Enquirer: 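Before I ask anything, here is the structure I am working with.
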Amino acid sequence: MALRFWKPGTAGPGSSLDRATESEGNIVSASPAGISQLSVQSQRERLPIAKHRQKLLYSVEKYGVIIVVGQTGCGKTTQLPQYLLEAGWAADGNVIACTQPRRVAATSVATRVANEVGSLLGDEVGYTIRFEDVSSKERTRILYLTDGMLFRETLIDPLLSRYSAIMIDEVHERSVYTDLLLGLLKKIRRKRPSLRLIVSSATLDANSLLNFFQSPDNPDEATIVSLEGRMYPVEVAYLNEPTSDYVRKAAEVAWNINLQQPSGDILVFLTGREEIERCLEELSEMLATLPKHAPRLLLLALHAGLSTNEQLRVFETPEKGSRRVIVSTNIAEASVTIDGIKYVVDCGFVKIRTYNPTTTLSSLATVPTSIASSTQRAGRAGRTSSGVCYRLYTMSAFESLPPATPPEITRVDMTTPILQLKSLGVDDLMKFEWVTAPPAETVLRALEGLIASGMIGEDGRLTPIGEQVSECPVEVGVARMLFRSKEFKCGQEILTIAAMTTVQDVFVIPDGAQGAIAELERRKFTAEEGDHLTLLNAYNAFTKYGGTKSWCSGHALSFRTMSRAVSIRAQLKKYMQRFNLPLESCQGDAKRLRECLVSGYWRNGARWMADGTYKSVRGNKILHVHPTSVLFTRKPRSGWVIFHEMEETKKTQIRILTEIEPDWLLDHGHVYESKGKQESMGPQFG
DNA sequence: GAGCACTGC
């Protein structure tokens with residue numbers, strides 16, 4: 001099982017780790033309590049960014065848009081807002097904003113900066129994320145917030161007038177909200193040139209960003225500032241020949257590292273849970289043959305499906321004389337940072353969501369990573385000392401990788417973002433300046449859906465209900481259902497169902513014997529009408545019995561997910577109150593409730609077929625019920641259902657079903673369909 | 001009888 005790697009040494013293309021990408025914002029480590037301000041100061045001055053302070057402040061003074069390129073640990077996320085504060089950018093009640101794509105990053109960075117500034121968190125330095133606003137309207141000068149929250153703020157204050165400077169961080173990740181904000185901020189700067197925009201990215205795509213912001217009539221509109229970083233060298237090794245089974249290969253390579261290489265932990269990148277479990281099985285089978293002198297191995301899995309406690313296990317310090325092998329999904333590429341990794345094994349693939357606007361189906365596809373992504377993965381080996389990255393593909397395969405993963409905006413349904421842009425007055429979507437435009441077909445699909453659901457009128461402008469729905473933080477169909485609950489007098493229940501369909505994986509069914517017990521627990525919530533009412537039952541039982549963690553674990557429910565549903569329900573309730581929607585109960589009248597569901601899901605109707613599958617009303621597509629549905633083994637009496645979502649896996653699957661009467665589809669759908677684009681449900685009803 | 005990368009409002 002000898003390793004056959006070609007080692008190009010540090011001069012190979014993979015060693016260009018100055019491109020390694022990741023935010024210092026992800027490192028969750030606040031300064032220890034009681035540290036003196038003086039030592040905080042000297043720590044700040046030692047950061048690589050410190051010597052660029054004058055240049056940065058000069059650029060912010062002179063240019064409108066500053067594109068900052070800097071890598072891990074250079075301090076841009078924590079220091080740049082402080083430099084601006086110290087230079088007076090937050091005078092006269094102005095606020096300096098810094099956005100993050102993730103909630104944990106926003107909170108942890110704010111905590112650290114509050115400490116450095118000597119502020120109580122939420123006072124001079126604060127953060128705003130969904131469900132949590134730790135900031136003061138009067139006193140906060142530096143505000144860290146998720147990019148989604150800043151986007152939402154544009155709906156209320158389109159010029160973002162309270163900010164003097166806005167830093168959009170982690171731009172290389174290209175989240176939908178980051179992209180939308182970049183387009184909007186370019187527009188805002190035309191109306192408010194005093195606003196300073198700092199665009200921070202860890203990859204060298206700075207020139208395309210510069211082109212995006214550069215203005216032909218003002219040479220001083222945008223500039224690039226490059227920061228040096230502190231990255232330890234990472235040697236990169238490739239396979240001589242491609243492997244047909246990278247999971248097995250990953251196990252072999254990790255095993256050989258343990259036998260041949262000096263101490264240091266190993267991080268293996270695979271694409272999903274199944275692969276991770278297979279790799280760990282292979283390794284644990286090999287453990288019996290581990291030589292006496294070799295370090296013991298601590299085998300750990302890391303993926304988003306694990307509970308918080310299980311995820312935290314990867315941070316445990318291994319016993320002396322043993323090393324960690326962490327087998328992870330992409331979660332370790334940007335979201336979770338583990339120190340002490342000296343060896344990275346990269347399979348070269350990643351699972352990404354793709355969206356097909358023609359079929360409106362989304363699916364998860366396993367695709368080769370990008371140069372940016374594999375560079376990022378390699379960089380995980382050089383955080384605390386020099387390291388090695390073993391790529392389970394050839395060097396020529398690396399060279400043929402795309403430079404970056406396509407931005408999310410090209411891979412998702414754009415219905416909700418387009419409704420929100422319309423609400424912001426962006427009426428002509430073709431004229432909106434996208435950093436990367438979504439596919440035309442995606443835009444057309446979204447517009448068609450918005451017209452069909454009455455959110456946009458025939459003139460292309462928002463209707464009154466469209467205006468209100470654009471403010472609600474749920475997808476359009478679910479919002480529509482909330483609004484229609486007034487007619488069906490079931491606001492209480494619809495509110496709960498809306499929250500429960502928004503969260504995912506409510507039921508926890510482990511493998512094996514325990515799974516059978518969990519399955520029995522889950523059945524206690526079953527409503528014969530279908531999954532929406534089953535979710536309603538689960539929620540009501542959860543709140544009735546105190547909403548505790550121990551109750552959840554005894555009833556096959558995820559406490560984390562249920563708590564999130566409670567928060568979302570509370571937030572949606574505020575919107576309902578604002579729009580004067582009554583919170584009545586249907587008093588157990590499930591028929592009314594199901595009719596109301598149809599008002600949201602009328603485009604997702606399906607008819608039962610004799611072989612147990614369904615045919616979609618739109619498009620006549622063969623649909624398979626997801627096995628977690630209570631209607632998985634049972635024919636609905638009426639033969640008709642609506643469903644929450646449909647996804648392409650090996651087959652086309654539908655999830656969260658409820659039995660309905662077919663004429664309800666006509667009652668709700670037909671009216672709206674005929675107003676919008678003609679799309680007859682015709683023959684199926686003949 | 002199946003299986004799920006990761007965020008975010």
Side-chain angles (χ1 to χ4, degrees), chain A residues 26 99-106 128-133 145-156 170 173-181 269-278 302-306 311 328-336 347 349-354 362-367 369 373 377 405 407-409 411-412 416-417 419-420 423 469-476 478-479 498-499 502-505 507-511 515 519 564 567-568 571-572 574-575 612-613 624-629 631-634 645 647-651 653-655:
Chain A
N26 293 324
T99 69
Q100 294 294 319
R102 278 174 293 280
R103 294 161 55 94
V104 274
T128 304
I129 59 178
R130 189 183 187 184
F131 310 129
E132 246 183 288
D133 182 10
L145 72 177
T146 43
D147 47 18
M149 283 307 285
L150 188 63
F151 181 75
R152 191 143 283 275
E153 199 168 329
T154 62
L155 295 173
I156 300 154
E170 311 281 3
E173 290 191 22
R174 300 293 301 272
S175 79
V176 170
Y177 286 122
T178 296
D179 272 29
L180 291 171
L181 279 173
F269 283 103
L270 295 175
T271 71
R273 191 174 82 178
E274 206 180 286
E275 285 177 9
I276 289 170
E277 280 165 7
R278 185 151 71 86
L302 179 61
H303 54 82
L306 298 173
Q311 286 190 9
S328 171
T329 62
N330 231 22
I331 193 170
E333 195 180 296
S335 304
V336 178
C347 76
F349 286 88
V350 67
K351 271 187 190 164
I352 60 167
R353 179 159 292 281
T354 56
S362 65
S363 59
L364 278 174
T366 302
V367 298
T369 50
S373 173
R377 287 180 178 185
T405 308
E408 199 187 359
I409 207 160
R411 299 184 280 113
V412 294
T416 303
L419 179 66
Q420 289 168 330
S423 164
V469 166
S470 74
E471 292 178 39
C472 298
V474 279
E475 54 188 271
V476 172
V478 175
T502 301
V503 298
Q504 287 150 28
D505 302 320
F507 296 103
V508 195
I509 312 288
D511 289 336
E519 187 59 42
R564 201 175 139 73
S567 300
I568 291 172
Q571 191 187 36
L572 294 179
K574 286 185 196 156
Y575 283 94
T613 64
H624 296 260
V625 180
H626 196 273
T628 54
S629 170
L631 288 176
F632 182 63
T633 48
R634 201 159 55 75
E645 61 185 356
E647 198 178 36
E648 185 104 77
T649 52
K650 281 168 197 154
K651 322 177 256 210
Q653 283 189 328
I654 49 176
R655 256 184 258 204

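Here is the naming used below: chain letters follow the sequence lines, and residue numbers restart at 1 for every chain. Remember, predicted model here, so these are calculated numbers, not experimental data.
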Enquirer: Atom CZ of Arg411(A) and atom P of dG8(B): how far apart are they, to the nearest Å?
Expert: 16 Å
Enquirer: Does one side chain, of Ser423(A) or Glu471(A), offer a donor that lies under 3.5 Å from an acceptor on the other?
Expert: no
Enquirer: Return the 5'-most residue of the pair Ile331(A), Gln571(A) with respect to DNA chain B, ranking by each residue's nearest nucleotide.
Expert: Ile331(A)
Enquirer: Please determine, for the side chain of Met149(A), which listed nucleotide (dC6(B), dC9(B), dA2(B)) has the closest atom?
Expert: dC9(B)
Enquirer: Nearest-Å distance, CG (Leu180(A)) to C1' (dC9(B))?
Expert: 12 Å
Enquirer: How many whole angstroms separate atom CG of Asp147(A) from atom P of dC9(B)?
Expert: 8 Å
Enquirer: Please check if the side chain of Glu408(A) supplies one atom and the backbone of Val176(A) the other of a donor-acceptor pair under 3.5 Å.
Expert: yes
Enquirer: When you compare the side chain of Val367(A) with that of Val350(A), does any pair of heavy atoms fall below 4.5 Å?
Expert: yes
Enquirer: At under 4.0 Å between heavy atoms, what does Arg103(A) touch on the DNA or RNA strands: base, sugar-phosphate, or nothing?
Expert: sugar-phosphate
Enquirer: When all nucleic acid strands are considered with a 4.0 Å heavy-atom cut-off, which category describes Leu364(A): base, sugar-phosphate, or nothing?
Expert: base
Enquirer: Looking at dC9(B), dT7(B), dA5(B), which one has an atom nearest to any side-chain atom of Arg273(A)?
Expert: dA5(B)
Enquirer: Scan Ser175(A) against the nucleic acid and name what it touches under 4.0 Å (heavy atoms): base, sugar-phosphate only, or nothing.
Expert: nothing
Enquirer: Hey, which of His303(A), Arg377(A), Lys351(A) is the one that makes side-chain hydrogen bond (donor to acceptor under 3.5 Å, both in side chains) with Asn330(A)?
Expert: Arg377(A)
Enquirer: His303(A) near the nucleic acid: base, sugar-phosphate alone, or nothing, with a heavy-atom cut-off under 4.0 Å?
Expert: sugar-phosphate
Enquirer: Could you check which of dA2(B), dG8(B), dT7(B) has an atom nearest any side-chain atom of Pro627(A)?
Expert: dA2(B)
Enquirer: To the nearest 0.5 Å, how far apart are CG in Leu145(A) and CZ in Arg152(A)?
Expert: 12.5 Å
Enquirer: How many whole angstroms separate atom CZ of Arg102(A) from atom P of dG8(B)?
Expert: 7 Å
Enquirer: Flag the pair Glu173(A) and Arg102(A) as a salt bridge only when some basic side-chain nitrogen lies within less than 4.0 angstrom of an acidic carboxylate oxygen.
Expert: yes
Enquirer: Using a cut-off of less than 4.0 Å, is there contact between a side-chain N or O of Thr329(A) and OP1 or OP2 of dC6(B)?
Expert: yes
Enquirer: Taking any heavy-atom pair under 4.0 Å as a contact, classify Phe632(A): base, sugar-phosphate, or nothing.
Expert: base
Enquirer: Reckon Gln653(A) touches a base, only the sugar-phosphate, or nothing at all at heavy-atom distances under 4.0 Å?
Expert: sugar-phosphate
Enquirer: On DNA chain B, check which nucleotide each of Thr146(A) and Glu647(A) is closest to and give me the residue with the more 5' one.
Expert: Glu647(A)
Enquirer: Just the rounded figure in Å: distance from C1' of dA2(B) to CG of Asp505(A).
Expert: 13 Å
Enquirer: Arg130(A) has an atom CZ; how far is it from atom C1' of dT7(B), in whole Å?
Expert: 13 Å
Enquirer: Identify whether any heavy atom of Thr649(A) sits under 4.0 Å from a base atom; if not, whether one sits that close to sugar-phosphate; answer base, sugar-phosphate or nothing.
Expert: sugar-phosphate
Enquirer: Return the value, rounded to whole Å, for the distance between atom CG of Leu631(A) and atom C1' of dA2(B).
Expert: 16 Å
Enquirer: Nearest-Å distance, CD (Glu275(A)) to P (dA5(B))?
Expert: 9 Å
Enquirer: Answer with base, sugar-phosphate or nothing: what part of the nucleic acid does Ile568(A) contact at a heavy-atom distance below 4.0 Å?
Expert: nothing
Enquirer: Counting heavy atoms from C-beta on, name the nucleotide in dC9(B), dA5(B), dC6(B) closest to the side chain of Lys351(A).
Expert: dA5(B)
